[in-house]
Structures are given as C-alpha cells and as structure tokens.
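One structure coming up, written as structure tokens, with questions to follow.
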Amino acid sequence: MATDTTATARDGGREGRYAGMVLALLCLVYVLNFLDRQLLSILAKPIQDDMGITDGQLGLLGGLYFALSYCILGVPVAWLADRGNRVRILSIACALWSAATIACGMASTYPQLAVARISVAIGEAGGVPPSYSIISDYFPPSRRGTALGLFNLGPPLGQALGVAFGAKIAAAYDWRLAFILLGAAGLIAAMAVWGLIREPKRGGTDAVAATPVAEAPAEAATSFWTALRNFAANPVLMLVALAAGATQFVTYATMGFTTLFLMREKGMTLDQVAIWYALLLAICVSAGIFLSGRLVDRFAQRSPQIYGWLPGVALAAAVPFFIGFVHAPVWPVALAFLAVPTFLNYFYLTPAVTLVQNSVPARQRTLAGAVLLLIMNLIGLGLGPTWLGAVSDWFRPTNPGNSLQLAFYSLVPFYLIAIALHFALARRLKR
C-alpha cells in the first residue's frame, strides 16, 4: 500500500510539473500573440515617419480592421476547438499570425500593411480561446484563477518586451527588422506547441458530478447557436462581457497611442521608451493582473460579488491618476502618473475570464471564452484605438501640438461607464 501511495504521489507530482510546463509554454505563446498585436502601436512613430499615415489610419489598423477579422473568426474557431484538438488549432494559429507579422515588416504601402495586419488578426483568432480551455482542463477550479492570472500576464509581458526589443531594434536598425525577427520567434513557438503539449481530457480537473461525464451526452451535443444563445441569455455573463469591453475601450485606446503620445507630445526618444516605458508595463500591468487573480481565488468562494467590486473599485481609483498622466508637461512626470492606472486598469481581466470559465460546462469553455473575447474586442479593441485616432485627427487642424492630449481626455467618460457596469455586475452576483 505504501508503495502504491508513493507511486501515486510521484505520478501526481509529475503531472503537476507537466501542467506547469504547459502553462509556461502557453503563456509564452500569449506573450508573442500580444507582442505581435501591439508592435504596430509601439513602432507607430517610425512607421508614420516612413509611410506618412495619419493617427486615424493608425487607429483603424490597430483597432477596427484588426478587431473585425479577429472577432468574426474567433467564435467559429472556438466552436471547432470545443470539438477538435485544441493544441493543433493553437499551433496552426500561432504559425499563421507569426508569418503575417513577418509580412508586416515587408509592407511598402498602407494597403499592404492593412492586409498583413488583418492576416495577423485571422491567426490570433485561434490563439486565446483554445488556451483558456486547455488551462481549465489542466488546473482544478481551486487553482484556476491563479493559473489564468499567470496566463494573462501574456499581454503585459508581450507589450513590455515589444517596447524593449521592438523599440531597440527600430532605434538601432529599422522598424521592419523588428517585425521580421519577432515573427520568426513565433514560428519556433508554434513548433514547440505542436511537439510538447498533450491534448488534455475535457473536464478532467473539474469536481466529480453525480452523473459521470460519459453519461451526459446533452453537454457534448450543445450546438454552436445554442451556446451563443445561452451566453446572451445569461445576465451575469453579458454584464461581465460588457464591463470588460468598456474597460478594454480605455486600455486598448491607451496602449495604441501611449508610445506615440510620449514621443510626439512629451519629448521621449525611442531609446528612452525602450527602457522606461517597457519597465513600467512589465511591472505594473503584470502585478495588477496577477494580484487580481490571487484575490479572486481567495475571496470568490464566500463573496462572489468580488468579480465586480474588485475591478470597479480599481478603475475608480485609477481615474485621477490617468488625468494626471494626460496633463503632465514632461514625460518623467507623465510616466509617474501612468504607473497607477497601468496597475489598476487590469484588475478586470482575470476576474472576467475566471467567472466565465467557471460558469459553463467543460465542453463549452472554449466557445464561452471566445464569445467573451468577441464582445470585449469588438468594443475595446475595435472601437477604442479607432475612437482615439479619429478624435486626434479631428483636433489636429486647430491643435497640432497637443491633439493626442485632447483625445486622451475623451477617454474619461468611458472609465465611468466601465465602473458603473462592474458595480452592476457585483449587485447581480450578490443577488
């Protein structure tokens, strides 16, 4: 008996270490996913100088054009992943968006760059939803919030590394080389996913139900449209998606233009951006996402409204510091103010993803995650950068020296909308 117990513990330890390796590799892929997505905004100034595009055109490239392709394909890909091999889908998607990133570096005209960016979006549509589902099947509910919190460090790490390496490469050589090298790294990561990650059993880490999974064919038979209707009919899921989307309107708009704002209106150089702004992103966003995941794991069991209160309070505290960032006359003061909202703005992401993943059956998790991303990204990624770029172009003829500053002020009302939606979610969860 002792030998059996020891063998079981040893097997469990191996599985735990393997799950950790899977999480690390998926996080690396997410880092590259977000790095490739944000490289356009990071290198906005040299791209504008080289190709002569406006703030509005830049906003469309990083916003509406990207989001429409990403969102249109995201749900069908997730539907396929709920029925097929999620690891293979993720690997193919990673290879596609990485090859498209290389194509961005080879574009010589605005239409060519637009087609390449749309191709990046098509590939990235198959990235995050399968990863959410794979992680949920490698980690039990008691550890899922922390695991998803670690996975969600991908965006801040991706943007920080993009700022650090992308800006350095662009400053030393050329902005095109940054796209080519980082796209090549993604192709290597795609091969690693294909060769190293095993497809997990669906629902294998969930609590054992009274009826075995094998005896519950109704869950496996849930159709694409039924799953969509179930999501739309659930007020909690819709509220969390809308609240997260309103938050992403602010975060994506800010991310899309902060580098350009700091360089054009605050006097930063590309080398300074590569050091100081990269450090701010790596520390503040990562800390916000990870801490929110830990707090959700600790308090959600006895106080479910934490999923709404935590991001709502964080966003309310961020508003005055965001205004200070926009108003600051020089970049060191602006960065000091920006550190606080950069930390607090991301308290929404892990609670939103964890709540949705814990609220649906195992065979609907990929699709539910994709619907969440669909709503968030149509609102946030699609409209946020597009809005900010258009407002900046509108102010440019009369305020050429601070058009982006005035455009950033227009994001404050969207902060208030996001806060109100998160508090409404908290009230719904309490009831």
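Scope of the values below: all heavy atoms of this structure, side chains included, with no hydrogens, waters or symmetry mates.
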Do any N or O atoms from the side chain of S119 and from the backbone of V115 form a donor-acceptor pair under 3.5 angstrom?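 Side chain of S119 to backbone of V115, a donor-acceptor pair under 3.5 Å: yes, one is there.
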Does any non-hydrogen side-chain atom of N402 lie less than 4.5 Å from one of N399?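 Yes; the side chains approach each other to less than 4.5 Å.
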Salt-bridge test for D55 and R264: reply yes if a basic N is under 4.0 Å from a carboxylate O, no otherwise.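 Yes, D55 and R264 are salt-bridged.
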Are the side chain of S91 and the backbone N or O of V87 linked by a donor-acceptor pair below 3.5 Å?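 Not a single qualifying donor-acceptor pair exists.
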Would you find more than 12 non-hydrogen atoms of other residues, nucleotides or ligands less than 6.0 Å from Y415 atom OH?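 For Y415, atom OH is crowded (more than 12 foreign heavy atoms under 6.0 Å).
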Do the side chains of I197 and L26 get nearer than 4.5 Å, heavy atoms only?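 When only atoms from C-beta onward are counted, I197 and L26 do touch, with a gap below 4.5 Å.
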Looking at D393 and G56, would you say the former's side chain and the latter's main chain have a donor-acceptor pair under 3.5 Å?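 At least one qualifying donor-acceptor pair exists.
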How far does CG of L161 sit from CG of L182, to the nearest 0.5 angstrom?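 Atom-to-atom, L161:CG and L182:CG are 9.0 Å apart.
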Can a donor-acceptor pair be found between the side chains of N33 and W97 at a distance below 3.5 Å?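 Distance-only check fails for N33 and W97.
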Considering all heavy atoms of both residues, which atom of D50 and which atom of W175 are nearest to each other, and what is their separation?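 Answer, listing the atom of D50 first, then W175: OD2-NE1, 3.0 Å.
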Under 3.5 Å, is there a donor on one side chain and an acceptor on the other for Q248 and Y348?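 Yes.
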State, yes or no, whether a side-chain contact exists between V296 and T350 at a heavy-atom distance under 4.5 Å.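 Contact flag for V296/T350 side chains = no.
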Is the F325 to F261 ring centre distance short of 6.0 Å?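 Between F325 and F261, the centre distance is under 6.0 Å.
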For R86, is there any backbone N or O sitting under 3.5 Å from a side-chain donor or acceptor partner on E199?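 Side chain of E199 to backbone of R86: a pair is present.
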Mark yes or no for whether S410, through its side chain, and A407, through its backbone, hold a donor-acceptor pair below 3.5 Å.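 Yes, because the side chain of S410 sits within donor-acceptor range (under 3.5 Å) of the backbone of A407.
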For a quick test of reading the model, state the closest non-hydrogen atom pair linking C104 to L113 and the distance between them.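 The answer is O-CD1, 3.9 Å.
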In Å, rounded to the nearest 0.5 Å, how long is the span from CG of L260 to CG of L43?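 Rounded to the nearest 0.5 Å, the CG-CG separation comes to 11.5 Å.
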Counting distance only, does the side-chain N/O of H422 pair as donor-acceptor with the main-chain N or O of A418 below 3.5 Å?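 Checked: pair present.
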Is the ring pair Y30/F34 parallel, tilted or perpendicular, if the boundaries are 30 and 60 degrees?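 The arrangement is perpendicular - the two ring planes meet at more than 60°.
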Flag side-chain contact, heavy atom, 4.5 Å: I102 against L187: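 The answer is yes, as the side chains (C-beta and beyond) meet within the 4.5 Å cut-off.
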Spell out, as yes or no, whether a donor-acceptor pair under 3.5 Å connects the side chain of Q112 to the backbone of S108.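 Between the backbone of S108 and the side chain of Q112 there is a qualifying donor-acceptor contact (under 3.5 Å).
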Got a donor-acceptor contact below 3.5 angstrom from the K266 side chain to the V326 backbone?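 A pair under 3.5 Å: yes.
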Pairwise distance CG(L335) to CG(L262) - rounded to 0.5 angstrom: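 Nearest 0.5 Å value for the CG-CG distance: 5.5 Å.
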Any heavy-atom pair between the side chains of I135 and L23 that's under 4.5 Å?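 Yes. Closest side-chain heavy atoms under 4.5 Å.
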With distance as the sole test, does S292 use its side chain to make a donor-acceptor pair with the main-chain N or O of I289 at under 3.5 Å?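 Such a contact is found between S292 side chain and I289 backbone.
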For Y110, is the OH atom crowded, meaning more than 12 foreign heavy atoms sit under 6.0 Å from it?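 Buried by this count: over 12 neighbours within 6.0 Å.
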Stacked cation flag R198 on Y18, 6.0 angstrom / 45 deg: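 Yes - R198 lies over the ring of Y18, closer than 6.0 Å to its centre and within 45° of its axis.
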How many angstroms lie between atom CG of L61 and atom CD1 of I53, to the nearest 0.5 angstrom?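 L61 CG to I53 CD1: 5.5 Å, rounded to 0.5 Å.
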What are the two closest non-hydrogen atoms of I379 and F249, and how far apart are they?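 What the structure gives for the nearest pair is O-CD1, 3.5 Å.
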For residues W309 and L429, determine if any side-chain heavy atom of one lies less than 4.5 Å from a side-chain heavy atom of the other.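 SC-SC contact between W309 and L429 ruled out.
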Could you please spell out the steps behind the side-chain contact (heavy atoms from CB on, under 4.5 Å) verdict for T247 and L349? CA-CA 9 Å; T247 308; L349 185 58; over 6 Å; no
Please identify which of these residues, F322, Y409, W387, meets the ring pair (Phe, Tyr, Trp, His ring centres under 6.0 Å) condition with F414.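 Going through the options one by one, the only one that passes is W387.
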To the nearest 0.5 Å, what is the distance between CG (L372) and CG (N377)?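 If I round to the nearest 0.5 Å, the distance is 8.5 Å.
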Ring pair (Phe, Tyr, Trp, His ring centres under 6.0 Å), that's the test. Do F408 and F257 meet it? Break it down for me. CA-CA 9 Å; F408 267 103; F257 285 92; 7.4 Å; no
Do you know which two heavy atoms are closest between Q48 and T54, and how far apart they sit?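 It is NE2-C, 3.5 Å.
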I need the L425 CG to L239 CG distance, nearest 0.5 Å.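 That separation rounds to 5.5 Å.
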So which heavy atom on I417 is nearest to which on A246, and how close?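 Residues I417 and A246, closest heavy atoms: CG2-CB, 4.3 Å.
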Results of side-chain hydrogen bond (donor to acceptor under 3.5 Å, both in side chains) for R396 - residues two or more places apart only: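 Expected list: none.
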Considering non-hydrogen atoms only, spot the tightest contact between L270 and A170 and give its length.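 Answer, listing the atom of L270 first, then A170: CD2-CB, 3.9 Å.
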